[in-house]
J.: 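My questions will all concern the structure given below.
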Amino acid sequence: MQGSAKFAGVLLLALISAPIWIASSAQADEAPERERLTLITRQLAHIDRQINEVERIALSTPAGRFHFDYSQLRTDLRRVQAGIHAYLNPSRTQPRDAGELPADYIREDENE
């Protein structure tokens, strides 16, 4: 394997095994789910930076027969990030404007 392809394989293995490691350590540690998911998003951002670096290295070296699909990896990574973000920040429907109430709540007593 070329150096960049080997590094990409190690990076992909780390990407796959990180959630497993974090999930197993979450059982041992009673930290809240939100904190763990926030930690995962920071780790995914770090992995994204590593992907950019590896891709830059791969582009500067002679091409072999096979090429790693960095754009697909980046797309999958963004999908995971978006899923975690959507879970941590659920969209809430904004209250609708009921408008002004046309009623007058003062009424005259007809018996007087």
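None of these values were measured; they are calculated from a predicted model.
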J.: First locate atom CG of L77, then atom CD of Q72, and finally report the distance between them rounded to the nearest 0.5 Å.
T.: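 Spacing of CG (L77) from CD (Q72) equals 11.5 Å.
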J.: As an exercise, state the distance from CD of Q50 to CD of E55, rounded to the nearest 0.5 Å.
T.: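 Going from CD on Q50 over to CD on E55, the span is 13.0 Å.
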J.: Side chains of R78 and D48: closer than 4.5 Å at any heavy-atom pair?
T.: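 Side-chain contact under 4.5 Å: yes.
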J.: Check the pair R74, N52 against side chain to side chain contact (heavy atoms under 4.5 Å, CB included), reporting the backbone distance first and the verdict last.
T.: CA-CA 9 Å; R74 196 173 288 108; N52 291 335; 3.0 Å; yes
J.: Report the C-alpha distance between I84 and L44 in whole Å, list the side-chain angles of each, state the deciding distance to 0.1 Å, and finish with yes or no for side chain to side chain contact (heavy atoms under 4.5 Å, CB included).
T.: CA-CA 11 Å; I84 293 172; L44 292 174; 4.0 Å; yes
J.: Please answer whether the main-chain N or O of L88 pairs with a side-chain N or O of R34 as donor and acceptor at a distance below 3.5 Å.
T.: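 Checking the backbone N and O of L88 against the side chain of R34, a donor-acceptor pair under 3.5 Å is found.
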J.: Report yes if some heavy atom in the side chain of Q81 is under 4.5 Å from a heavy atom in the side chain of T41; otherwise report no.
T.: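 Result no, sub-4.5 Å side-chain heavy-atom pair not found.
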J.: Tell me, do Y70 and R56 make a side-chain contact under 4.5 Å, heavy atoms counted?
T.: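 Of all side-chain heavy-atom pairs linking R56 with Y70, none is under 4.5 Å.
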